[in-house]
Amino acid sequence: MEKRGGCVVVTGFGPFGEHAVNASWVAVQELDKLGLGDRVELHIYEVPVEYQTVQRLIPDLWIKHRPQLIVHVGVSGMASAITLEKCVHNQGYLRLDNRQFCPDTQCCVDGGPECLQSCIDMDDVCRRASAAGLDVQFTVSTDAGRYLCDFTYYTSLHESHGRSVFIHVPPLGKPYTAAQLGRAL
């Protein structure tokens, strides 16, 4: 049943490398427990850390749900705050994914613009989130990392004409709990 407020899709990533339990997926599951209120239909998906799956799945989510917004969540071992990503890059994808694959062209969308930005003002979101009285810190970034996070965000922004956001969370316990990450989302 579609709710009057519309639909939001939130994705988190599956395990990769040293992240046997990916904090992004745990945070998304925590958000699912909390929900987004009675008027918003929330759909969550775990995304494998695989370029080819992302190239199929993200456009399919836009077609299937026709959401107002897709929020992608990833883990960053360098983050100590909830990091709101402002922009993404089309080129520079050199790291192998979980299937030992990397795009031959090292880019996300052949012929696509080098940089894309969300239509959501991430600086404003950061200010509002920081003022919300949550027990977490927020920051803004312009480099989502040239791996599956950046690749997923670019794919989604390109598909949605800007109606996507990407949020990096720190690993669990460094310093936040799963519940804190879920509330922050």
Side-chain angles (χ1 to χ4, degrees), residues 7-17 19 22-25 27-28 31 43-79 81-126 129 138-171 181 184-185:
C7 171
V8 173
V9 173
V10 182
T11 70
F13 286 99
F16 76 101
H19 302 282
N22 194 316
S24 70
W25 179 236
V28 169
L31 173 65
H43 299 277
I44 67 168
Y45 289 87
E46 182 179 20
V47 178
V49 180
E50 302 168 3
Y51 293 106
Q52 291 172 314
T53 300
V54 165
Q55 287 178 316
R56 285 188 311 272
L57 177 63
I58 301 308
D60 287 350
L61 292 177
W62 280 103
I63 292 166
K64 178 179 181 179
H65 295 291
R66 304 173 71 105
Q68 290 178 304
L69 177 71
I70 293 186
V71 178
H72 303 286
V73 184
V75 66
S76 170
M78 297 181 298
I82 308 303
T83 305
L84 310 174
E85 299 293 347
K86 288 178 73 165
C87 60
V88 291
H89 306 92
N90 191 27
Q91 298 180 29
Y93 297 96
L94 307 171
R95 288 181 53 199
L96 297 176
D97 66 12
N98 280 355
R99 293 190 174 265
Q100 302 303 302
F101 176 82
C102 181
D104 291 336
T105 61
Q106 300 172 355
C107 81
C108 188
V109 176
D110 289 332
E114 174 49 29
C115 294
L116 293 176
Q117 290 191 356
S118 176
C119 66
I120 306 297
D121 182 340
M122 298 306 273
D123 290 312
D124 186 53
V125 171
C126 187
F138 293 88
T139 190
V140 176
S141 164
T142 58
D143 185 357
R146 298 296 205 310
Y147 191 46
L148 265 295
C149 293
D150 216 348
F151 192 87
T152 298
Y153 193 16
Y154 190 99
T155 301
S156 194
L157 283 173
H158 189 267
E159 190 72 24
S160 69
H161 306 288
R163 292 189 346 259
S164 303
V165 297
F166 197 97
I167 301 170
H168 268 119
V169 298
L181 294 177
L185 293 182

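Note that CD of E46 is 8.0 Å distant from CG of N22, once rounded to the nearest 0.5 Å. Note that OG1 of T155 and CG of N90 are 8.5 Å apart. Values are rounded to the nearest 0.5 Å. Atom CZ in F166 sits 10.0 Å away from atom OG1 in T83 (nearest 0.5 Å). With rounding to the nearest 0.5 angstrom, the CE atom of M122 is 9.5 Å from the NZ atom of K86. To the nearest 0.5 Å, atoms CD1 (I58) and OG1 (T11) are separated by 5.5 Å. Here CD of Q106 is found 11.5 Å from OH of Y93. Values are rounded to the nearest 0.5 Å.
Counting heavy atoms from C-beta outward, I120 and L69 have side chains that approach closer than 4.5 Å. For the pair V8 and P67, the minimum side-chain heavy-atom distance is 4.5 Å or more. Counting only heavy atoms from C-beta outward, the side chains of F13 and V75 never approach each other to under 4.5 Å. Considering only heavy atoms from C-beta on, L84 stays 4.5 Å or farther from V165 through its side chain. Between H72 and S156, some side-chain heavy-atom pair lies under the 4.5 Å cut-off. Inter-residue side-chain proximity for Y45 and V28 is flagged as unmet; no heavy-atom pair is nearer than 4.5 Å. Looking at heavy atoms from C-beta onward, S164 lies in side-chain contact with W62 at the 4.5 angstrom threshold. The shortest side-chain heavy-atom distance between I82 and V169 falls under the 4.5 Å cut-off.
Closest heavy-atom contact between Y147 and D97: OH-CA, 3.5 Å. Between R66 and I63, the shortest heavy-atom distance links the atoms CG-O, 3.6 Å. Here the shortest heavy-atom pairing between P170 and A81 reads CD-O, 3.7 Å. In this structure, A79 and P171 approach most closely via the heavy-atom pair O-CD, 4.3 Å. Between Y51 and R95, the closest heavy-atom pair is OH-O, 2.8 Å. When all heavy atoms of L157 and S118 are compared, the closest pair comes out as CD2-CA, 3.7 Å.
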Query - Residue pair I44, L31: steps toward the side-chain contact (heavy atoms from CB on, under 4.5 Å) verdict - result: CA-CA 9 Å; I44 67 168; L31 173 65; 5.8 Å; no

Report task. Test E114 against H89 for side-chain contact (heavy atoms from CB on, under 4.5 Å), laying out the working first. Result -> CA-CA 5 Å; E114 174 49 29; H89 306 92; 3.4 Å; yes

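Between the side chain of R146 and the main chain of Q91, a donor-acceptor pair closer than 3.5 Å is present. Using modelled atom types, no side-chain atom of D143 and backbone atom of D150 make a donor-acceptor pair closer than 3.5 Å.
Relative orientation of the Y154 and H158 rings is parallel, given thresholds of 30° and 60° on the angle between their planes.
Checking H168 against S141 by side-chain atom types alone, no donor-acceptor pair falls below 3.5 Å.
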